[in-house]
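Working notes, structure below.
Along the sequence shown, the residues carry numbers beginning at 1. Below, all heavy atoms of this structure are taken into account, side chains as well, without hydrogens, waters or symmetry copies. Worth saying up front: this structure is predicted, and the values here are computed from it rather than measured.
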Amino acid sequence: MPSNDVRILAQAAVPTVAVGAIAAVVSGVVAGGKGAVGAVVATVIVILFMGIGLYVLQRTAKSLPHLFQAMGLLLYAAQILLLFVFMAAFKHTTLFNPRSFALTLLAGTLTWIAAQTRAHMKSKILYVEPDSTTSTSDEKSHKSGHSS
């Protein structure tokens, strides 16, 4: 991954982990050990889904830039749908507290999206990759008809 992608990933993952840790502590106090486990599982799922989604989106932007916007919309819709599927699948589990799991999943997802949006807005990503200086001077001489 290029350094911009890693920076955006870190800027989105760190706040999500912080929210997950806070949710685990609060869930542990409110719902006991099963609440803390539910919050940790939800945090891991959010980081995996959203991290993989960011990776796929960055790969699409590099290889198929004309599909970037459509892929982004499709990817976010698929991620939200998969998160709802996870909430429905673990609705009646006895492994952890489902309410802590669902609330942490929601809080983690919203935190990731907000942090990723902020990271994209703060990053300085070039829209056009600059050519080398020699090709620019060659193009000018060909366009003007003068030779150097």
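Among residue pairs with one or both ends in residues 7-54, those qualifying as ring-ring contact (aromatic ring centres under 6.0 Å, His included) are Phe49-Phe86; sequence neighbours excluded.
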Go through the steps for Gln11 and Arg118 under the test side chain to side chain contact (heavy atoms under 4.5 Å, CB included), then give the verdict. CA-CA 9 Å; Gln11 288 176 349; Arg118 183 181 183 279; 5.6 Å; no
Full working for side chain to side chain contact (heavy atoms under 4.5 Å, CB included) between Ile45 and Phe101: CA-CA 10 Å; Ile45 288 173; Phe101 174 76; 3.9 Å; yes
With side chain to side chain contact (heavy atoms under 4.5 Å, CB included) as the test, would you mind laying out the steps for Gln69 and Thr60 before giving the verdict? CA-CA 10 Å; Gln69 188 174 16; Thr60 301; over 6 Å; no
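Taking every heavy atom of both residues into account, Leu57 and Tyr76 meet most closely at CD2-OH, 4.3 Å. Nearest approach of Pro15 to Ala10, heavy atoms of both residues: CD-O, 4.2 Å. Gly108 and Val19 make their closest contact through N-CG1, 4.5 Å (heavy atoms, listed as atom of the first residue, atom of the second, distance). Ser100 and Ala31 make their closest contact through OG-CB, 4.0 Å (heavy atoms, listed as atom of the first residue, atom of the second, distance). Considering every non-hydrogen atom in both Thr16 and Thr43, the closest pair reads O-CG2, 4.0 Å.
Exactly one of Leu110, Thr104, Thr109 qualifies for a side chain to side chain contact (heavy atoms under 4.5 Å, CB included) with Leu106. That residue is Leu110.
Hydrophobic clustering (ILVMFWY, side-chain heavy atoms < 4.5 Å, transitive): Ile113 and Leu105 are in one cluster. Taken together through direct or relayed side-chain contacts under 4.5 Å among Ile, Leu, Val, Met, Phe, Trp and Tyr, Ile22 and Val14 form parts of separate hydrophobic clusters. Both Met71 and Ile52 are assigned to one and the same hydrophobic cluster, defined by single-linkage of ILVMFWY side chains at heavy-atom distances under 4.5 Å. Hydrophobic cluster membership differs between Val37 and Val25, with clusters built from Ile, Leu, Val, Met, Phe, Trp and Tyr side chains linked at under 4.5 angstrom. Following chains of ILVMFWY side-chain contacts shorter than 4.5 Å, one can reach Val46 starting from Leu95, so the two form part of one hydrophobic cluster.
In this structure, the separation between CG on Leu9 and CD on Gln116 is 9.0 Å, given to the nearest 0.5 Å. Atoms CZ and NZ, on Phe96 and Lys34 in that order, are 10.5 Å from each other to the nearest 0.5 Å. Leu75 contributes atom CG, which lies 10.0 Å from atom CD1 of Ile80 (distance to the nearest 0.5 angstrom). The structure places CG of Leu54 at 9.0 Å from CD of Gln79, a figure rounded to the nearest 0.5 Å.
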